[in-house]
Structure formats: structure tokens, C-alpha cells
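In what follows, every chain begins at residue 1, and chains take the letters A, B, ... in the order their sequences are listed. All values derive from a computational prediction rather than experimental measurement. Hydrogens, waters and symmetry mates play no part in the numbers below; they use all other heavy atoms, side chains included.
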4 protein chains.
Amino acid sequence: MGRTVACLDRTTKRYVSFDSMELMFTSDKAVGPRSATKILSAARDVLTAQGYSSLTIEAVAAAAGVGKSTIYRWWPSKEALLADAIADVFRADEIPDLGDTRAELRLAVDMTIDNYANEDLAAGLPALATGLLPHPELMTRFREAFLQRKRENIAVALRRGVERGDLPEGLDTDLVQDVWAGTILYRRLMMGSSLDDDVADRLVRLVLDSPAALVARS
Amino acid sequence: MGRTVACLDRTTKRYVSFDSMELMFTSDKAVGPRSATKILSAARDVLTAQGYSSLTIEAVAAAAGVGKSTIYRWWPSKEALLADAIADVFRADEIPDLGDTRAELRLAVDMTIDNYANEDLAAGLPALATGLLPHPELMTRFREAFLQRKRENIAVALRRGVERGDLPEGLDTDLVQDVWAGTILYRRLMMGSSLDDDVADRLVRLVLDSPAALVARS
Amino acid sequence: MGRTVACLDRTTKRYVSFDSMELMFTSDKAVGPRSATKILSAARDVLTAQGYSSLTIEAVAAAAGVGKSTIYRWWPSKEALLADAIADVFRADEIPDLGDTRAELRLAVDMTIDNYANEDLAAGLPALATGLLPHPELMTRFREAFLQRKRENIAVALRRGVERGDLPEGLDTDLVQDVWAGTILYRRLMMGSSLDDDVADRLVRLVLDSPAALVARS
Amino acid sequence: MGRTVACLDRTTKRYVSFDSMELMFTSDKAVGPRSATKILSAARDVLTAQGYSSLTIEAVAAAAGVGKSTIYRWWPSKEALLADAIADVFRADEIPDLGDTRAELRLAVDMTIDNYANEDLAAGLPALATGLLPHPELMTRFREAFLQRKRENIAVALRRGVERGDLPEGLDTDLVQDVWAGTILYRRLMMGSSLDDDVADRLVRLVLDSPAALVARS
DNA sequence: AGCTAAACGAGACGGTACGTCGCGTCTTTAT
DNA sequence: ATAAAGACGCGACGTACCGTCTCGTTTAGCT
């Protein structure tokens, strides 16, 4: 299971996001920008070291030792670059079957916290939202490339809970994840609150205890 | 009860937030920007009509028929201006005592949805978060000026629910509001999902049904 | 008698070239770019020190300690700037009445050589020609602002020669000047030949000796 | 008798100009760019159709259906390419012995006008001058490859005039040609004046009538 | 006829300069 | 006296070409 990276489709001349594993498997030679790694990592470095307001294409190019045009050749905008830079380090692990629904849910919440509470990259998320909001089609592509895998992996764990009878039939796995991610992001970005053990535990219990509210409209 | 607006203290040269009522009451003394209303409303117009990326000081000045320096005299940054422009229309109503906890919670959720799902202004929120994130002290002041009143009014309603016995002693009102606001914002900004009646109802039931998870650590 | 400088007509919002004397006479305060002098002189410095291929707007701005936009605000193109920079030091003296036609013609030829053989600025002339050729209307304005005065002053001297009987009625003063300027420029730019005393003398004699060929078509 | 074309000496890695006849005669050895003709003609096409400012290597390569590297393989710079493109169509005919000096001189002047008044290519000449000025050695090589033959052919005709006694001993054939070419170019490029029959005739008479001024310093 | 080496097309790359836009400051003009 | 208008130094934008550099792919002369 790999990360997504940017690539220009040579046939359509349109930019597409490949899964890096696909990339590796489809070609033993590097396809796409030769310096994709260098560039994405430089973008993260700049974001971490200087903050979003200093995340300019020129700064990334300089940090990566690359010409601006190389970045523009492969990424159509700062948002696209930022999306890939974040996606590249976004956790989307499969939740192992532990035989213990509560433990699995806790793993899912922890992974979500890992992603959103990441000191540096989290700063990029609202910026990304700002940039993508006026372009719903980009937003959709971003969700698919970026959040899909993580949400699917977590949904698998939730469905295991349903099978075990720990969670009710018809659980709205999307809503559960919106509650988790939303609460975590909101506390992180707007409230600056802690995202400690206690909060994680309560988010788990919220799902274990109140399933009726989280069951999809019949 | 008025809205907060920004103002530069001429003595200390520091930026301060006035309650707009104060402003209105003292306006015969020509304190504060004469064109505050024009400017904030122009800012919202630009944001609505052209999106955040076109929300420049120059555009706001032009739309308000005002010189750039007039804006800079009173607001130290685009973020400050944006914050006031949003705060100016942010709903923070008191929740009336309906004698019915569920109905009151629903009012609270609806108000939150009103604020965050507002087609146009919501676009400004992640931008605001982006701008404020590197400045925790600004973020704090923003929270106080901006979210405080709304959260207090909702907390009053939640505590009424506790007194009525509909909600448990020790309910963590902050966490409740984080779950509500977070879920709503996340769906609005990241998922583009609907924020319909059903979701509102389930967010209410989530709080009514699973109080254990929402009680502060003992 | 002044030099031409660039100026934006505030009414028409179009760029115009003013005679600097006019400029001085029309306004005791500086009209036009506050740093016109700094900029034009920086342009000449760069041209002299590094050659035309290094004469970039960015280099001029840097050398003048000025923002690029200040240059673009007042000059619509590199050619316009170059034209003014050259015009600013282009000799267009009146030829004094010496009572000696040969001596006056020699003054005229020497002035022409001064202008075109100038080690550094001459390099700018073919560049200017290249830039203006596709825009006949610019070329016309350039001729008027730039060459007119010089040609008129020389024509005055030629007509004195006609009055004295040293040159024939109907002398084509334009053709004379085209022959002089053309020969000098061609030797300077294309042949790299010397432009010494001897050449100057022969260009004078060419006009004194062969008037028939230089009389306008009857 | 052919035209000169550019070629990179594979041994010395220096650029040399071949006479195109040499090229044709040696072409069985595959010397020189296979697509020299295509490229030079594409260069002229671009210059004619879009002007000098659009004469980029990339545009020429595209117009010629050729890779950029093929051009760079054979021409070290845009100026070299332009020089060859112009030289390729530059007239340098021998002036036939008509037994009539005036008629022969007129042929020479007409040929010069043909070359310099060519609507499209003339635009390339000042550009060429601009590019070559900072490199005197290139300028010299250009003169030799480009102007030499034409000037020699005209000089032959002038010397026939001397032998016939129509022109004086010691006539400075270089100065004559500088006057002709200079006047024509200057009127064409700087003045935009006509280059009609009348001008041609007067340039001829200028040389026939005023030989003293055109005799080399004794 | 098949092989080999060159020349070739295509175009990615690190760069430089372009001309534009908006920033936040400062100056001028006109109430 | 205050504010509009807007010039200014600055820095990033996204674009166009530069000249260099791999890449396969012709293509032509030589076994």
C-alpha cells in the first residue's frame, strides 16, 4: 500500500495522482517528475520550518534545488503540491483484527489524531480547504486520492465491530468518521485544545455507547 | 448586545476589539473607523462574490469606496479584517428556555449549522484558521471575541439540561460543542456533505444518548 | 532646450514623452516618476557596463534602487525606457552661425559622430530599431521626440549655407542628413571602421562638392 | 557559387561557415545538418510572419519540425542562425560589364536596396548588429562570410569605372559602399522613408559627381 | 541484408527574466 | 484635519525560452 504522487498522464497531458506503489509496480524506471521526492519533501520542510505563509513555489523550488518550472510542469497549483506533500505522509494503515472492537476503534482514533494533530502538516489542512473550496471537482479528487483509503480501512474495522455485535446494524460509518475527524481537527485548529488519551478514549466510547444516533436514517 | 469590531488604540498603538454596541454608543465622538460598516460589509461582499483568493485589501477598499490606508489604520492585517467581517454576522443568540432539552439542543445545533454552513462566509473560516495558526495569541483573542459568546449561550442551555436531569452531572460542555462544531465544519469543508435535518437530529441525539462519553474526566 | 523624459498623462492614462524643459516650466514640482533621473541613468550604466543583452528591467531596477513596478508604471516597454535613456544624452545642439559653411557642416558632422559613435549608447540604437520596427507608430513618435530637434538644428545650418550661396537652392536637407547619419552608423555598427577626422572631412566635402545629386526632385 | 551555411567542426568543436556549394559537393560525406535548408527557411518564415521578437529557437524548431538540439548542434546561437538565414537569401551578384558606368552603378545600388529594403529580412539586420556588437570577432567573421562577396563584386564594377575614366584614381570603394548601404539602411530602418527610383538615382549621381570627397586620403 | 553509430524528435531539466498583482508604507491632493 | 487617491520598494506569481541533458527512434553507410 503506497502513497499518492503526482504525475502527468503522457497521453492526455493532464495531471493525475498515482499511487506510488502502482508507480513502482508499473515501471521499474521512474515515471513522472524525476525529483518528486525531493520536491514533496522540500515542501514539507518549508511548511514545517517557516509556516504556510512562507510556503511559496519559489521557496520550495529553492529548497529542493529545482527550477520553478519543474514544479509547475507537474503540479498545476500550490494546492495540488500541498495535497501531495501531505498525502505523502498521511497515515492510512489497515486496522488489524484484534478481536477487540474497543481496541480497534482506539487504533482508528489514534491514527486520525496522528494525522491531524501532526504539529506541522496540520497547518496545511485549512489552507488546503481554503484553496479547494471554490473548486468542488478538485475537492472531490482530493478526497478520493487522500482520505478514501484511510476511511475505508477504518470502515472495515467498524464493520467488524458490527459483525461482532458490538456496534449496531446500519451504523453510519461516514458519520462516525466525520465526528471523529471533525472533533479532532476542530480542537486542534480552532480551539488549540489537547488531544490526549482521555479525549481519544471518549471519542471511542462515544461510538460504542450511543449507536442509535449514529445509525443511518432507515 | 452588539458585535465585536476591531479598532486600533491610538494611545497604545495596539489593536483592540470593541463591542459594536460600545462603538455605536460612542460614535458621536467619532471613535473608531467612520466607515467600519461599509468596510466590513464590502469585505463580505467580495468574499461572497469572488471568493477568498480575491479578498484583497485593495479590492475591499475599492468596493467600500475607501482608501487602503483607512483600512490599514484600523485593522492590522487581512485576518483581523476577515475576523471582524465574519464575527459581524456570526450568530450567538441566547437559547431560550423552552422547557424541552431536546428542542433547545436542536436550536443550538441549528444555530451552529447556520454559522458554519453559511454558503459564503464558511469559506473564510479555514482561511482564518490558516492565518491565525502561527499566532496562538491572536488565535486566543479571536476565540474570545468570536466564539465565546456563542459557546456560553449554548453552555447555558446544556446546563439547563443537566438541571432538568436530561443530561448527566459533569457534562463536558466544551467537548459537546467541539463535537458539534467539528462535525458540522468537517462535513461542510472537507466532505461537502449535506447538513440536513437528519444530521442535526442525530447530533442532538448523540448528546442526549451517550452522556458517559461526554462527561469530563473525573 | 531640454531633454525628453517619460511621463504618464494623468488624464488619458497614456504614456507621453515630455520635453524636460516643458516639464520644468509647467510645474515647479516634479511631475512624472520621482526617480526618472535615477532610472534613466541606471539604464545607461547597465548598458555601458554589461551590454545590451544584460539590459533587463530587473537589472535597471536593481541598479536604480527602485522596484520593477515603478519602471513599468511609467515606461510601457524596455524600448521606451531605452529610447528615453538615449534621448537624455543625445546631442541636438544648435549650430552657431560661424559665417563659414564648411566649418558649420563640420560641426554638424561632428555632433552626429558624437551621438552615433558614442562607445556605449550606440549599442542601444540597433536594439531600439529592432524593437520599434514592428510598431511604425512608435517609430514615428520616437523619431519626433528623439531625432527631430537635431535634424532641425542641422537643417538651419544647411539653409544658412544655401543663403550664403555655398549650397544650392532646393538642397534636400533630409537626404543630406540620411547620408551623414547612415554612413556614420553603418561604419560604426556594421563595419567597425574608424570615424576619424578624415571621414568627417570627406562627409562634409561630399555635401559641399556634389550638390546636384542632393537636390530634391524638382 | 553557393551561399554560406553554418557548420560545427566535429574535430575542433568550433563553429565554421561552409559555402553551401562546398556543402552540396561534400554532402555525400554527410557533413552538415541534414535539415539545414528546412531550418533556415523556417527561421525566415518565423521572422517574416511573426517578427524578430518571436524568433525563438523553439519556434524555429517547431516550424521546421525539428528538435531543438538539432539546431543547437549546428548553430551556437540565435545570431549565428539568423546570420545564415539572411545570408542564404542575400544578393551578391556580379555586376556585368555593361560598358556604361552609370548603369552599372545603378545595378549595384539596386542590388543593395533589394537586400536592405527586403520587407522582412531587413528587420533581422539591426537585431544581428545588436547581437554581434559585443563580439568583434564574430562581427568580423560575419562581415567576411556575409558582406564580402557583395562588396567585392561591386568594387569590381567601381574599378571598371575608374579604368574607364568615369571615376577618379584612388576612389575609396569602401567609403562609397558605406555611403550607399548606410544611407539605404538608415532610411529603411530609422526614417521609414521610401527607397524609390529617385533615391537610387541620386545615390548613383552622388558617386559620379563628387569623386574628390570619395578619394582615399592620399 | 543486417549492424552500428550518428543524427535526430522529443521534451524534461535548472535557470533567468518577463510583466502582473498585491502587499504595507508613505506622500500628495482635495476637501 | 482627515481621508481619497495612488506612487513606491518589494516579493511572489505563473509563463516563456534559454541552453543542456537524457531518452528512445530513425537513418544511412559499412560490413
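- Nucleotides of DNA chain E nearest to Ala59(B) and Ser54(C) differ in position, and the one nearer the 5' end is that of Ser54(C).
- Between the side chain of Thr70(A) and the backbone N or O of Val66(A) there is no donor-acceptor pair closer than 3.5 Å.
- Distance CZ (Arg34(A)) to P (dT22(F)): 8 Å, rounded to an integer number of Å.
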Every protein N/O lying under 3.5 Å from an N/O of nucleotides 10-12 of chain F:
unit_1  : atom_1 : unit_2   : atom_2 : d
dC10(F) : N4     : Ser69(C) : OG     : 2.5

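- Of the residues near DNA chain F, Lys38(C) and Ser77(A), the one whose nearest nucleotide (by heavy atom distance) lies more toward the 5' end is Lys38(C).
- Looking only at side-chain heavy atoms (C-beta outward), Leu81(C) and Trp74(C) stay at 4.5 Å or farther from each other.
- Atom pair Trp75(C):CH2 and dC8(F):C1' shows a separation of 14 Å (rounding to whole Å applied).
- With contacts defined as side-chain heavy-atom distances shorter than 4.5 Å, the pair Leu47(D)/Leu82(D) qualifies.
- Side-chain nitrogen and oxygen atoms of Trp74(C) include at least one within less than 4.0 Å of the OP1 or OP2 phosphate oxygen of dC8(F).
- At least one side-chain heavy atom of Asp88(A) sits under 4.5 Å from a side-chain heavy atom of Arg44(A).
- Side chain of Ser35(A) to backbone of Lys38(A): no donor-acceptor contact under 3.5 angstrom is found.
- Rounding to whole angstrom units, CD1 of residue Ile71(D) and C1' of dC17(F) are separated by 13 Å.
- The closest donor-acceptor contact from the side chain of Thr130(A) to the backbone of Pro126(A) lies under 3.5 Å.
- For the pair Leu55(B) and Lys78(C), nearest-nucleotide mapping onto DNA chain E gives the more 5' position to Lys78(C).
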